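Below is one structure, written out as structure tokens; comments come after it.
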There are 4 protein chains.
Amino acid sequence: MARTSGTNLRREILDTTRRLLIQDGYQNLSMRKIANAIGYSATSIYLYFENKDNLVHALIDEGMEKMQQLLLGIDNLLTDPLKALRELCNRYVAFGLENPEYYEVMFQLHPARMARYPVEKYRKARKNLEVFRDVIEAGQRMSLFREGDALLKATAVWTSLHGLVSLLIAQRVDQQIAPEDLQERVFDQVVAFVGG
Amino acid sequence: MARTSGTNLRREILDTTRRLLIQDGYQNLSMRKIANAIGYSATSIYLYFENKDNLVHALIDEGMEKMQQLLLGIDNLLTDPLKALRELCNRYVAFGLENPEYYEVMFQLHPARMARYPVEKYRKARKNLEVFRDVIEAGQRMSLFREGDALLKATAVWTSLHGLVSLLIAQRVDQQIAPEDLQERVFDQVVAFVGG
Amino acid sequence: MARTSGTNLRREILDTTRRLLIQDGYQNLSMRKIANAIGYSATSIYLYFENKDNLVHALIDEGMEKMQQLLLGIDNLLTDPLKALRELCNRYVAFGLENPEYYEVMFQLHPARMARYPVEKYRKARKNLEVFRDVIEAGQRMSLFREGDALLKATAVWTSLHGLVSLLIAQRVDQQIAPEDLQERVFDQVVAFVGG
Amino acid sequence: MARTSGTNLRREILDTTRRLLIQDGYQNLSMRKIANAIGYSATSIYLYFENKDNLVHALIDEGMEKMQQLLLGIDNLLTDPLKALRELCNRYVAFGLENPEYYEVMFQLHPARMARYPVEKYRKARKNLEVFRDVIEAGQRMSLFREGDALLKATAVWTSLHGLVSLLIAQRVDQQIAPEDLQERVFDQVVAFVGG
DNA sequence: TATGAATGAGCGTTCATTCAT
DNA sequence: CATGAATGAACGCTCATTCAT
């Protein structure tokens, strides 16, 4: 029985999968659980996604695009690199904390545990890193930032941000530490490092 | 059939579990496999560990202690904080990269997704952070490092290191980046931040 | 969308099914695969065949007819029974070995395990046997063959040929035995038996 | 709950599997069906057989041994080859008709549809053929049978018998033909061929 | 202390088929 | 004439766990 208009089920599957990912994590994600959660038979999922990997891939894809739009939405991205870098950090972390389900599949999943993430999607993933790199390069051109391999610097920055998001999501940060304090401190570290 | 004195089986289970964990990853860890590997029946494990979660908890516990010993084994830990900080970073990352699967279980497993990790074990995990804090405090006392909340700084440092290890383990670092370069850059960032 | 004139789809289904059958075997034959292969929806098949069994029955039917035509195409079928008998054997075995999966469905599928194979189709299957019988009878009339119940003799001949094809298809013949040798030996046996 | 003494379940599984094989054929044999039929959980089967293939292999093995004992039990096997050959045929066919479930997995299963039947079991399978060969050789030594490659002749004989059994089991023999008549005719054919 | 026997729940996936349009 | 949407049943198999001994 068709409950909603056709292609909406695809959306519903994706959304429910995200919800379950937050709740139970990737390890405990199962096609049946998704199906039950949306009130359809497990078989139905296969009408919209070839298999579990494909479903997760689609989710990763969405996440990458969302993050990219968020990062590219910054004002004066290349004209005010100092401010932009800080805002990049802000938005990256905000995205992670607000979309932990995306974040987990996007960045914490070991590729060996999934069918290889298709090459063309990796390109999309890399775009995010390139935003950081471009901003750093812009800052370098304007002599606001120290010289040095911009991609490497971008990756180092990303490393810190990723650590921050990961620990906060996994609730591994000591309770005595206020997340906002830590976040600010990490941003300081990052900005200081890129050189302001 | 009692092959060895009683409590040794507990040890054997832990050692084998760790080995299997490092070899095959958490996803592929199963009670049956552990039992087979040590040549006992699966049932026997339950004589020493209430369930799988408990066993894994005990393992995390041991991992934390191992890492602690590794970190505390540094020469002149509190007398040469500058060198010590860099060596702390070195050893932390080395531990993570040498035991990737182990590291994942220790730091990436979401506590809410396992039976609650007992509070007193969290204290042990915290010990590692405290080593970083103590070194930073020592440096501050010797006026080698900038002032500021040492625990917070330690956490920020840890954040970067954790990010580094996580990304490398998950093989998410761009192929154009040499891991050693990235590592050095992150260490620089950390040391610069703590202020040398 | 109607791509070709109506009843041609039935033909297309049958042809494709046969192709898939020969390619992948009965076990791997599925309605969805057939549908995909012809570029129609799975549902469409049901417009022409009540269910999978029916489709396969129709295919068996066609196979029987094909074989019959093959057998009836022999020159001087009833005028030179000696040569004809040997050629019958030749063609029967060739058909089996060239279409092993098809052969299996035609002769090895247990009728009780499919929806009852309609009686009138059995008649068509019987036609093949009758070709053998007719040739034997012709030979008897010409005093080339020994007397005796021709249908029974035909069945005995068929028995040997079927055994030969079956064992070769199932790859159960000892590797030391060259298939051609075996085939010749069996033909000799058959011809000798009918009595030349 | 242990209903019967331990190792009897293995027996029960094997027997039930045979029963189901007659009923539904290999294609429709499933672990669940077996489990249901014996009133145990599907999981339990895996305590006694590593997987479905292993279970079927065990069955094939049993069948081979049974048949071998049956064939080797003939009196004066090598001293009265003429009688022995006919009795071999008798017993072979009798075995097939009385144990169609064994027969199906033993001789009709295409190896590609199962995990490769282990090599050492193939040896056992070959033993049956060798009984035929040995009798033929004995007859040749006593100048009772015509000369010629005994293994090839044995295989040709087997071919006919296999065809007979297969068609009878699959109920493909025309209803006008009395099975006993056909059987006798085939035996005549065989014996005549080996040369008496 | 240790085990053999057993299980219920679950996994991803495929299948033939139905039904409203 | 043809389909898109959907499903229930089944598949082989693995898992953590229990329980009587």
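Keep in mind that this is a model prediction, so the values were computed, not measured. Reckoned from all heavy atoms, side chains included, excluding hydrogens, waters and symmetry mates. Order of the sequence lines sets the chain letters (A, B, ...), proteins ahead of strands, with each chain counted from 1.
- Contact between A:R10 and A:A58 at its shortest, heavy atoms only, is NH2-CB, 4.4 Å.
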* Which dot-bracket string fits DNA chain E when only Watson-Crick or G-U wobble pairs with both atom distances under 3.5 Å count, crossing pairs get [ ], and | stands for a partner on a different strand? -> .||||||||||||||||||||
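- A:N54 has its CG atom 13 Å from the C1' atom of E:dG12, to the nearest Å.
- Between C:I60 and C:M64, some side-chain heavy-atom pair lies under the 4.5 Å cut-off.
- The residues C:E62 and C:R11 are annotated as salt-bridged, a charged nitrogen and a carboxylate oxygen being separated by less than 4.0 angstrom.
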Enumerate all atom pairs, one protein N or O and one N or O from nucleotides 17-21 of chain E, separated by less than 3.5 Å.
unit_1: E:dT17; atom_1: OP2; unit_2: C:Y46; atom_2: OH; d: 3.1
unit_1: E:dT17; atom_1: OP2; unit_2: C:K52; atom_2: N; d: 2.9

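- Remark: A:Y48 is in phosphate contact with F:dA6, judged by side-chain N or O atoms under 4.0 Å from OP1 or OP2.
- Regarding C:K33, its NZ atom lies at a distance of 9 Å from the P atom of E:dT14, rounded to whole Å.
- Rounded to whole Å, atom P of E:dT1 lies 15 Å from atom CD of B:E12.
- Checked for salt-bridge contact, D:K124 and D:E65 meet the test: a charged N lies under 4.0 Å from a carboxylate O.
- In summary, of the residues considered (A:E104, A:R172, A:Q108), a side chain to side chain donor-acceptor pair (under 3.5 Å) with A:S166 occurs for A:Q108 alone.
- Distances shorter than 4.0 Å separate none of the side-chain N or O atoms of A:S41 from OP1 or OP2 on F:dG8.
- Close to F:dT3, at under 4.0 Å from its OP1 or OP2, lies a side-chain N or O of C:S44.
- For the side chain to side chain contact (heavy atoms under 4.5 Å, CB included) criterion with D:T16, the lone passing option out of D:L14, D:L20, D:I13 is D:L20.
- Atom P of nucleotide E:dC15 and atom CG of C:L55 are separated by 15 Å, given to the nearest angstrom.
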* For A:R18 and A:L59, what are the C-alpha separation, side-chain angles and deciding distance, and is it a side-chain contact (heavy atoms from CB on, under 4.5 Å)? -> CA-CA 8 Å; A:R18 284 176 46 212; A:L59 223 46; 3.6 Å; yes
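- Checked by atom type and distance alone, the side chain of B:Y48 never pairs as donor or acceptor with a backbone atom of B:L9 at under 3.5 Å.
- A straight line from CZ of C:F49 to P of F:dC1 spans 14 Å, rounded to a whole angstrom.
- When rounded to the nearest whole Å, the span between CD of B:Q27 and C1' of E:dG12 equals 14 Å.
- Counting non-hydrogen atoms under 4.0 angstrom, D:L29 reaches the backbone sugars and phosphates but no base.
- Proximity note for A:Y40 (side chain, C-beta onward) versus F:dT3, F:dA6, F:dC15: the nearest is F:dA6.
- Summarising the geometry, the separation between CD1 on D:I34 and P on E:dT7 is reported as 15 Å, rounded to the nearest angstrom.
- Of the two residues near DNA chain E, C:N28 and D:L47, the one whose nearest nucleotide lies more 5' is D:L47.
- Closest heavy-atom contact between B:H110 and A:I169: NE2-O, 3.3 Å.
- Per the geometry, OH belonging to B:Y26 stands 13 Å off P belonging to F:dC15, to the nearest Å.
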